[in-house]
Amino acid sequence: MTRIRLYNTKTRAKEDVAPIDPANVRMYVCGPTVYDRAHLGNARPVIVFDVLFRLLRHVYGPEHVTYVRNFTDVDDKINAEAQRRKALGDPRSLEELIRERTEETIGWYHADMDALGALRPTLEPRATDYIGQMIGMIAGLIRSGHAYAKDGHVLFRVRSYAEYGRLSGRSVDDMIAGARVEVAPFKEDPMDFVLWKPSDADLPGWESPWGRGRPGWHIECSAMSEELLGTSFDIHGGGIDLQFPHHENEIAQSRCAHPEADFAKVWMHNEMLQVEGKKMSKSLGNFFTVRDLLDKGIPGEVIRFVFLQTHYSKPMDWTEEKARAAEATLRKWRGLVADTEPAPSPAPSVIAALADDLNTAGAIAELHGLAGAGDRAALKRSAEAVGLLTDELSRWEWQPRIVAATGRAEGRSTARGVGESRFDCMDRIAQKLADARTSALRSKDFTEVDRIKSILVSAGVEVRMSKEGVQLLPSSNFDPAKLEALE
RNA sequence: GGCGGGUUGGCGGAGAGGUUACGCAGCGGAUUGCAAAUCCGUGAAGACCGGUUCGAUUCCGGUACCCGCCUCCA
């Protein structure tokens, strides 16, 4: 069996993965707060842990891996959006507006992540469906002295957990010394964090022993992971920015609630995304969502490829240049594996790269090797192991056909599935160009051929002409409107 | 201020204490009405200063610069 090695943030070392129960390998990843479209940075953990999910399924069997990724659907930003809509005159109740907002955001999230070729996790719990478990866990922490209630709030007593700060390598005293937070009056200690907080009448709330209120952010993940994966499980993932305080707090809550258990054995953190060398932020004007890129015509598969080129533990830079290069490579590979039956299993070299702490860049290098060797079946199957060259992601590419100079069309044609209409004119124009070229080759007057070609190029269509015939390849920025002059 | 990550050829980006990463771009050639694509070939690196070693880009220490977290942003 393939030995998977992963870098464990908790021990700061690469370790062999030894599942608690190989018949049910369990992974939890912190999911999105569903208040708006996912931005490009949100895609990174999704793709990273999707590759790990695929690898675990490959090694332990698809039915022996449980992957949980939550939706945080109770949050002040969600409330703010709902209140904004209400202020704009929407007659519905706040609860209805919140429900609508989270429902539509979850729908967007699924659509966008599907477009990136990410498999859906085994379970996608919503925080609001686990309020009871959270209340139970908080009550237990109060009983054991790890938490206290004050003025409708419940706070975790950080000093009661000696190992607090272990994951992120911080000491409580250092943090207090450098802290910039003002201390709320209901806190015993500045480091204590909220488990439960009171809700006003105009905020969503649930009845609890401490009054009507809502849970703090950190308790959600502790309660859901325990309910769905147990008190000890194999892998916990998320962005490096969650390492502190979110993951530190999760560990404190869960280990204090269940001192006999380990909680997560391996902690994995992906590094952040940058855009053209800078942090993505609204103030820098380089903030964009996954949907923005898809709408610009950049295929999800291209986005995925760009992400996989950088190891998850390193900061990654998104650039237009990378997207262009990735698209060129994928075009080449897709041409190579078209109509190819995948090999029964991925190339061992690809699996070996992935098993070495998810070395996706190394895996892609191996794929280049397979492509260079012309091993189409292995390329297709191996690429699928990292979620590339899958049939689900093939829609972006128009499968070009060659219109021969003899006037007869050859080969397969048209895009598969959705989006076909965009390319409806392609065959007709290709034929027109092929005809013009046939007569030009006789008359030696290429004026008309060059005219058609330059219009196509300006519309974002690559034109290839050879003695086999004419081939048109619309690129991702193809604009059908610019072809009107040819109609 | 505290904690953490990074610095590899023109660009992107891996592994390995001694032997070609890989891709893109470039250059030379084949092919082509032009061009593209394709094919063949090819040069190019390891921030800086020390140390360990027969030998380090790879291990250790320091310096510089960049980035992130410490604020419910993945």
Side-chain angles (χ1 to χ4, degrees), chain A residues 9 12 29-33 35-36 38-49 72 74-77 165 167-171 173-182 191 193-194 197 215-220 237-246 248-249 269-274 277-282 287 305-306 308-311 313-317 319 321-322 324-326 328-329 331-332 335 352-353 356 359-369 371-372 400 437 440-446 449-450 453-454 457 461-468 471-473:
Chain A
T9 308
R12 320 244 157 205
V29 174
C30 294
T33 300
Y35 66 99
D36 205 351
H39 67 246
L40 190 62
N42 291 307
R44 196 161 188 202
V46 172
I47 292 171
V48 165
F49 293 105
T72 294
V74 47
D75 175 87
D76 288 345
K77 276 185 290 235
L167 179 75
S168 53
R170 297 153 199 258
S171 81
D173 292 325
D174 286 349
M175 284 187 283
I176 290 173
R180 291 180 277 170
V181 274
E182 64 180 274
M191 288 309 295
F193 59 88
V194 171
K197 53 192 164 189
W217 176 37
H218 315 296
I219 196 72
E220 296 175 15
I240 188 78
D241 56 332
L242 295 183
Q243 188 184 53
F244 187 89
H246 182 56
E248 200 72 73
N249 293 354
H269 292 97
N270 61 275
E271 255 292 350
M272 298 291 101
L273 175 94
Q274 296 181 305
K278 297 210 171 78
K279 180 177 176 169
M280 184 163 74
S281 72
K282 286 178 177 163
F287 181 94
F305 189 98
V306 171
L308 295 181
Q309 278 182 299
T310 304
H311 189 87
S313 66
K314 287 195 172 184
M316 191 207 108
D317 198 19
T319 64
E321 174 56 31
K322 284 186 184 180
R324 269 194 297 277
T329 300
R331 243 177 224 293
K332 195 195 292 183
D356 180 15
N359 183 358
T360 49
I364 285 181
E366 296 297 335
L367 294 177
H368 279 295
R437 188 159 176 279
L441 284 169
R442 248 182 259 118
S443 67
K444 301 293 173 200
D445 176 7
F446 289 92
V449 177
D450 289 338
K453 187 177 137 187
S454 69
V457 169
V461 181
E462 190 184 299
V463 179
R464 296 182 189 174
M465 292 183 275
S466 67
K467 54 179 175 291
E468 282 78 42
Q471 216 177 0
L472 302 181
L473 294 95

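Numbers restart at 1 for each chain; the letters A, B, ... are given by sequence-line order, proteins then strands.
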Looking only at B/G5, B/G33, B/G13, the nucleotide nearest the A/P315 side chain is B/G5
Given B/A14, B/C73, B/A37, which nucleotide is nearest the side-chain atoms of A/K314? B/A14
Can you tell me if A/R437 touches the phosphate of B/G33, counting only side-chain N or O atoms and a distance under 4.0 Å to OP1 or OP2? yes
Looking only at heavy atoms, which two atoms of A/H368 and A/T329 are closest? And how far apart? CE1-CG2, 3.6 Å
Give me the distance, rounded to whole Å, that separates B/U53 from B/C60 when you measure between the C1' atoms they each carry. 12 Å
B/U57 and B/G9, which share atom name C1', separated by this distance in whole Å: 12 Å
Can you tell me the distance, in whole Å, between the CG atom of A/D450 and the P atom of B/U32? 18 Å
Over how many whole Å does the gap from A/M191 atom CE to B/G2 atom C1' extend? 12 Å
I need the CD-C1' distance between A/E248 and B/G4, as an integer number of Å. 13 Å
In sequence, state the C-alpha distance, the side-chain angles, and the governing distance for A/T360 and A/H311, and then conclude on side-chain contact (heavy atoms from CB on, under 4.5 Å). CA-CA 6 Å; A/T360 49; A/H311 189 87; 5.7 Å; no
Quantified in whole Å, what is the P atom distance between nucleotide B/A14 and nucleotide B/A21? 15 Å
From C-beta outward on A/D241, which listed nucleotide comes closest to its side chain: B/A74, B/G13, B/A21? B/A74
Side-chain contact check for A/F244: nearest option of B/A74, B/C70, B/G5 is B/C70
Between B/G33, B/A74, B/C67, spot the one nearest the side chain of A/M465, thanks. B/G33
A/H311 NE2 - B/U8 P separation (whole Å): 17 Å
Taking only the C1' atom of each, what is the distance from B/U38 to B/A56 in whole angstrom? 41 Å
Considering only B/A74, B/A37, B/G33, which nucleotide approaches the side chain of A/E462 most closely? B/A37
note: A/E321, atom CD; B/G13, atom P; distance rounded to Å ~ 12 Å
Compare the minimum distances between each of B/A74, B/C22, B/C34 and the side chain of A/L273, then state the nucleotide with the smallest one. B/A74
So, is A/K322 close to the B/G23 phosphate, meaning a side-chain N or O under 4.0 Å from OP1 or OP2? no
What distance, rounded to whole Å, do you find between the two P atoms, one in B/U58 and one in B/U7? 12 Å
Looking at A/K332, does any N or O in its side chain come under 4.0 Å of the phosphate oxygens OP1/OP2 on B/G23? no
Using the P atom on both, measure B/C22 against B/G15 and round to a whole Å. 15 Å
Of B/G5, B/G33, B/A14, the nucleotide closest to the side chain of A/N359 is B/A14
Map every base of RNA chain B to its dot-bracket character, where paired means a Watson-Crick or G-U wobble contact with both distances under 3.5 Å and | marks a partner outside the strand. (((((((..(((.....[...))).(((((.......)))))....(((((..]....))))))))))))....
Considering only the P atoms, how many Å lie between B/G68 and B/C27, rounded to the nearest integer? 37 Å
Side-chain N or O of A/S168 less than 4.0 angstrom from OP1 or OP2 on B/C3? no
Determine: side-chain N/O of A/K453 to OP1/OP2 of B/A36, distance under 4.0 Å, yes or no. no
By nearest atom, which of the nucleotides B/G4, B/A14, B/A36 is closest to the A/R12 side chain? B/G4
Between B/G10 and B/A16, how far apart are the C1' atoms? Round to whole Å, please. 25 Å
